Amino acid sequence: MSGPKVSTSDFENSGLFDSFLSAIAGLQKAQKEHLFWDNELFRGCRLGLFSLDDFRFIFSQYYLYSKNFTRYLSGLMANLDDDRLRAKLCQNLFEESGEDDLDQRHVQLFRNFLTHGLGIDLAKINFLPFTHHFVDRFLDHTRNGSALHASAFLSLGTEAIVSQMYEIFVNGLLHAGIAEEHLLFFRIHMACDDAHAATLAEILASFSAKPGFLVNAEDALNESLRLRGEFFDGLVGELRHRRISEHLNRIQGKTSLLSQDVNDADLKFMPAEPFVKPIYSNQMPALGIDFTVDRAPFPADVLDARVVRISPGNVNERHRHAHETVFYIISGNGRVLIGDRFISVQPGDCVFIPRWVIHQSQNQGQTPMVILAITDFFLTSKAFFGDYDSTARTRRPAEQ
Ligand SMILES: [Fe+2]
Ligand SMILES: [Fe+2]
């Protein structure tokens, strides 16, 4: 992909550019410090919380924005009086359109990312109402706003954020395991859209002597970031909903979940018997850690019942997790650490562990401690963004 053929350097090198930059320094600062940057989508990308499947949904929706991008530029162009500035904007459009090679147009590079990088069938994408709203509003601001408004909307509020925004996306995508070869669309924009931003800045600068310039430009900046933030919030909200929607449907469904395939043995569990579904164990003699965790066979929707066994004089790991838990002490004596307090326990006692509280069970007796732990794991582990197991355990299950 070659660089821009019409240089913006005549403007960038002029004294006008410097005085314009100082005039809008407050706006640039406002953009950099805007609450938009703290949105949940970016936070999830920075922390590596999203899976490839999450990104399939996110960028399927983003596709509608991407494939309309040249229309936003065209909206501004139609509003511009100055034919010289229109010619410069035309250069942006020319580059967006792949210059002489249609296969290199940016939306095609985005399609390549979707199809080859994420394995998405474009024909099956269902754009959601909030995605249509986002794109419709973008078109409206750029086509129907004043040229001053549209240029501030697209420069300060759009092109100027692209490089940093796509770097955040790339970090999230790499963490989710996508290969670098599929990231061309993002890499190109991280490298070249500063030139696009400079063209748009020059257009914006042409209005800088107008009364109310800074107020109008700031309004446009805020509206652009607000719309994008609202769209991103919609994406994360929808992701969250999709994770637990099957549970919600079953809750609302008023249909018995007792399948004819379920055996009586799946509905009754004998904690004292040998277990059939070990899910975790750890032995670290130096720390006095020696325990096993097994899962009851119940065909449960959100409840996950487990049996924790701790050998005499030992403990399980000190840990915390998103699921909440009720302990029923079947046998053994000792204490349970819950946050900063110790609760003494004996057979027959019930103990509650709230979400995310550090806890640990300590067997202080001469016989094995056996605890029935009833959790909402099947719900919380689906609702949670990120690697659930790594939040709770000293060792990953794969390392057992
Ligand atoms: Fe582009
Ligand atoms: Fe626990």
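These numbers come from a predicted model, not from an experiment. Start at 1 and go down the list; that is how both ligands and their atoms are numbered.
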Return the orientation label for the [X] and [Y] ring planes: parallel under 30°, perpendicular over 60°, tilted otherwise.
X      : Y      : answer
Phe130 : Phe231 : tilted
His319 : His359 : tilted
Phe59  : Tyr62  : perpendicular

inquiry  = I need the NE2(His319)-the Fe ion (ligand 2)-NE2(His321) angle, rounded to 10 degrees.
reply    = 110°
request  = Could you tell me whether Arg355 and Asp376 have a side-chain N and a carboxylate O separated by less than 4.0 Å?
outcome  = yes
key: Arg105 and Glu99 ion-paired at < 4.0 Å   = no
Check all N, O or S atoms of [X] and name the one closest to the Fe ion (ligand 1).
X      : value
Glu96  : OE2
His106 : ND1
His189 : NE2

message = Report whether any nitrogen, oxygen or sulfur of Glu95 sits less than 2.8 Å from the Fe ion (ligand 1) (N, O or S, backbone or side chain).
response = no
